[in-house]
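What you see is a predicted model, and the numbers here were worked out from it, not measured in a lab. Both ligands and their constituent atoms are indexed starting at 1 by order of listing.
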Amino acid sequence: MEKDFAGRWEKNRTTNDGGWVMNNFERQIASINEDGLFSLDIDTLQVNMGLRCNQQCIHCHLEASPRRREMMEWPTMQMVLQAARSAGCQLVDLTGGAPELNLYFRLFVTALRQEGHPVQVRTNLSVLLEAGLEEMPEFFRDHQIQLVASLPCYLEENVCAQRGKGVYEKSITAIKRLNALGYGSKTNLPLNLVYNPGGPFLPPPQSALEEDYRRELSARFGIAFTRLLTITNMPLGRFRTGLGRQNQEGDYLQLLQKSFNPQTVAGLMCRHQISVGWDGTLYDCDFNLALGLPVNHGAPDHIQSFRPADLMKRRIVTGAHCFGCTAGSGSSCGGALV
Ligand code: SF4
Ligand code: SF4
């Protein structure tokens with residue numbers, strides 16, 4: 001389904017002869033590339049290990065929370081290991097919820113590293129202070145795990161407004177622990193922080209904001225990090241619910257659409273990665289996962305039938321939310337695109 005700009009949910013439609021009716025995003029893409037949006041390779045295998053999280057952020061596109069029970073099981077992880085082997089991807093990117101809360105997290109990471117895959121974990125930082133996870137920073141270091149950590153502002157007030165009371169303090173404590181192990185200063189232990197806007201507006205320029213973060217976090221806490229990644233809020237999940245409550249959804253969707261930047265299209269993350277849901281379903285990205293829109297157009301849509309040759313050049317499933325990736329400087333799990 002896609003959301004149109006009058007605020008209704010619409011099903012993608014087919015013509016009487018089985019043809020595809022383009023949505024707004026596809027029409028925009030067709031204006032620069034009439035073949036439409038296709039993947040180019042699978043550099044990254046992103047794995048959503050479950051929707052359980054110790055936090056319940058108001059911007060969460062997956063509506064993760066401590067109450068969610070969806071978790072990836074070990075047999076699915078074994079199929080992911082096989083897929084990573086066959087795809088020869090350059091990175092396995094673990095996300096959630098809080099991936100560290102999955103019971104098989106350490107086993108899975110260890111198996112991936114033993115097979116030589118570079119592994120990145122998207123951590124919310126505060127989870128590293130949870131009971132039973134105190135040794136996780138050392139585990140990360142010992143397995144040379146790359147870290148991406150959400151810290152949507154260097155100011156406490158803004159972080160707590162988005163992510164909950166006490167989260168800022170816990171996040172700073174966790175970063176200090178990671179810094180003490182070499183994260184954020186040693187080249188083999190990257191610690192990238194993630195900013196997302198505190199409302200329905202686009203992120204400021206990434207490099208300028210990175211300078212602000214570096215100056216402020218260093219002055220306040222002596223904290224070091226590798227890079228800052230700016231990510232646009234997607235009109236999905238809890239963020240979309242919040243927009244609806246404030247009657248801002250239509251305006252935000254229009255802002256995203258009118259900010260379309262054709263230079264972002266080459267680097268869209270769905271063109272270079274594939275996302276595995278906690279139950280093994282394949283998605284073009286984590287946002288399509290949030291919407292329940294699996295890989296389509298004839299490509300296999302489950303990890304048990306993962307065949308790189310059939311997935312490498314697949315047609316991407318899109319919707320109005322895709323304008324969140326192409327607005328302004330663009331947005332991806334790796335930050336701005338241009
Ligand atoms: S945004 Fe991240 S930390 Fe926050 S609830 Fe969602 S998964 Fe958890
Ligand atoms: S939302 Fe997903 S499918 Fe759409 S452009 Fe962004 S990465 Fe690609």
Side-chain angles (χ1 to χ4, degrees), residues 2-3 12 23-26 28-29 36-40 44 46 48-68 70 94-102 121-128 130 148-152 159-164 167-168 170-171 174 194-196 231-239 241-242 256-257 260-262 264-275 278 282-291 293-297 299 314-327 330-334 337:
E2 71 155 321
K3 188 114 196 238
N12 282 322
N23 59 40
N24 279 342
F25 186 76
E26 286 169 326
Q28 185 77 68
I29 293 291
L37 193 63
F38 281 80
S39 59
L40 302 171
T44 301
Q46 190 172 67
N48 191 305
M49 298 190 68
L51 302 183
R52 188 157 163 236
C53 189
N54 57 312
Q55 293 183 188
Q56 191 168 327
C57 309
I58 61 169
H59 56 92
C60 186
H61 64 275
L62 285 161
E63 303 186 69
S65 80
R67 291 185 304 282
R68 299 297 292 261
E70 300 92 333
L94 305 182
T95 185
E100 299 95 328
L101 294 178
N102 187 301
V121 172
R122 293 182 181 271
T123 181
N124 68 20
L125 294 170
S126 70
V127 75
L128 303 178
E130 292 279 303
V148 174
S150 190
L151 187 73
V159 171
C160 292
Q162 286 192 53
R163 294 170 76 77
V167 168
Y168 182 78
K170 288 181 184 172
S171 302
V194 175
Y195 161 91
N196 63 277
I231 297 187
T232 300
N233 287 320
M234 294 301 272
L236 301 172
R238 247 180 242 129
F239 187 71
T241 304
L256 298 180
Q257 185 174 18
F260 179 80
N261 178 354
T264 61
V265 174
L268 287 173
M269 63 180 175
C270 50
R271 308 192 77 183
H272 306 282
Q273 73 176 49
I274 196 159
S275 181
W278 62 272
L282 298 177
Y283 301 90
D284 292 300
C285 70
D286 205 51
F287 305 125
N288 285 4
L289 185 157
L291 280 170
L293 291 174
V295 163
N296 202 337
H297 305 297
R314 68 193 187 278
R315 181 175 172 171
I316 309 289
V317 176
T318 64
H321 61 291
C322 294
F323 284 110
C325 296
T326 54
S331 179
S332 73
C333 289
L337 294 171

Item to complete: Any atoms of ligand 1 less than 4.0 Å from a non-hydrogen atom of Ala64? List them with their elements.
Response: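 Listed by number with element, the hits are 5 (S), 6 (Fe), 7 (S).
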Worksheet item: Which ligand 1 atoms does Asn124 reach within 4.0 Å, using its non-hydrogen atoms?
Response: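 That gives atoms 3 (S) of ligand 1.
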Worksheet item: How far is atom 8 (Fe) of ligand 1 from its nearest protein heavy atom, and which residue and atom name does that atom have?
Response: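 Its nearest protein heavy-atom neighbour is Cys53 SG, 2.3 Å.
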Item to complete: Around atom 6 (Fe) of ligand 1, find the nearest protein heavy atom and jot down its residue, atom name and distance.
Response: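 I find the closest protein heavy atom is Cys60 SG, 2.4 Å.
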Hey, which atoms in ligand 2 end up nearer than 4.0 Å to a heavy atom of [X]?
X      : value
Asn288 : 3 (S)
Val317 : 3 (S)
Cys322 : 1 (S), 3 (S), 4 (Fe), 5 (S)

Practice prompt. Would you please determine whether Ile316 falls within less than 4.0 Å of ligand 2 on a heavy-atom basis?
Written response: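 The answer is yes: ligand 2 sits under 4.0 Å from a heavy atom of Ile316.
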Worksheet item: Can Leu37 be said to touch ligand 2, with heavy atoms closer than 4.0 Å?
Response: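 No.
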Fill in: Within reach of ligand 2, part of Cys325 (heavy-atom separation under 4.0 Å)
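Side chain only.
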Worksheet item: Can a protein heavy atom be found under 4.0 Å away from atom 2 (Fe) of ligand 1?
Response: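 Answer no: nothing from the protein, no heavy atom, is under 4.0 Å.
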Testing the 3.5 Å rule here: is there a donor-acceptor pair between the side chains of [X] and [Y]?
X      : Y      : answer
Asn288 : Ser275 : no
Ser39  : Asp284 : no
Ser126 : Arg163 : no

Discussion item. Below 2.8 Å, can you find an N, O or S atom of His321 next to atom 6 (Fe) of ligand 2?
Written reply: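 His321 does not place any N, O or S atom closer than 2.8 Å to atom 6 (Fe) of ligand 2.
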Practice prompt. State if Arg163 counts as touching ligand 1 under the rule of any non-hydrogen atom under 4.0 Å.
Written response: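 Yes, that is the case, since the closest heavy atom of the residue is under 4.0 Å from the ligand.
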Worksheet entry | Non-hydrogen atom of Gly97 closer than 4.0 Å to ligand 1 |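 For ligand 1, residue contact (heavy atoms, under 4.0 Å) with Gly97 is present.
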Worksheet item: About how many Å separate OG1 of Thr318 and CG of Leu293, when rounded to the nearest 0.5 Å?
Response: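 So the gap between those two atoms works out to 9.0 Å.
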Closest non-hydrogen atom pair, [X] against [Y]:
X      : Y      : value
Met234 : Gly324 : SD-CA, 3.7 Å
Trp278 : Met49  : CB-C, 4.3 Å
His297 : Ile316 : NE2-O, 3.9 Å

Discussion item. Within 2.8 Å of atom 4 (Fe) of ligand 2, is there any N, O or S atom belonging to Cys285?
Written reply: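 Within the cut-off used here (under 2.8 Å), Cys285 places no N, O or S atom near atom 4 (Fe) of ligand 2.
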Item to complete: Test side chain to side chain donor-acceptor pair (under 3.5 Å) on Glu100 and Thr123 and set out the steps.
Response: CA-CA 8 Å; Glu100 299 95 328; Thr123 181; 2.7 Å; yes
Worksheet item: Which part of Cys57 is near ligand 1, with near meaning a heavy atom under 4.0 Å away: side chain, backbone, both or neither?
Response: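 The answer is both.
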Worksheet item: After noting the C-alpha distance and the side-chain angles of Arg271 and Leu37, does the key distance pass the side chain to side chain contact (heavy atoms under 4.5 Å, CB included) rule?
Response: CA-CA 8 Å; Arg271 308 192 77 183; Leu37 193 63; 3.8 Å; yes
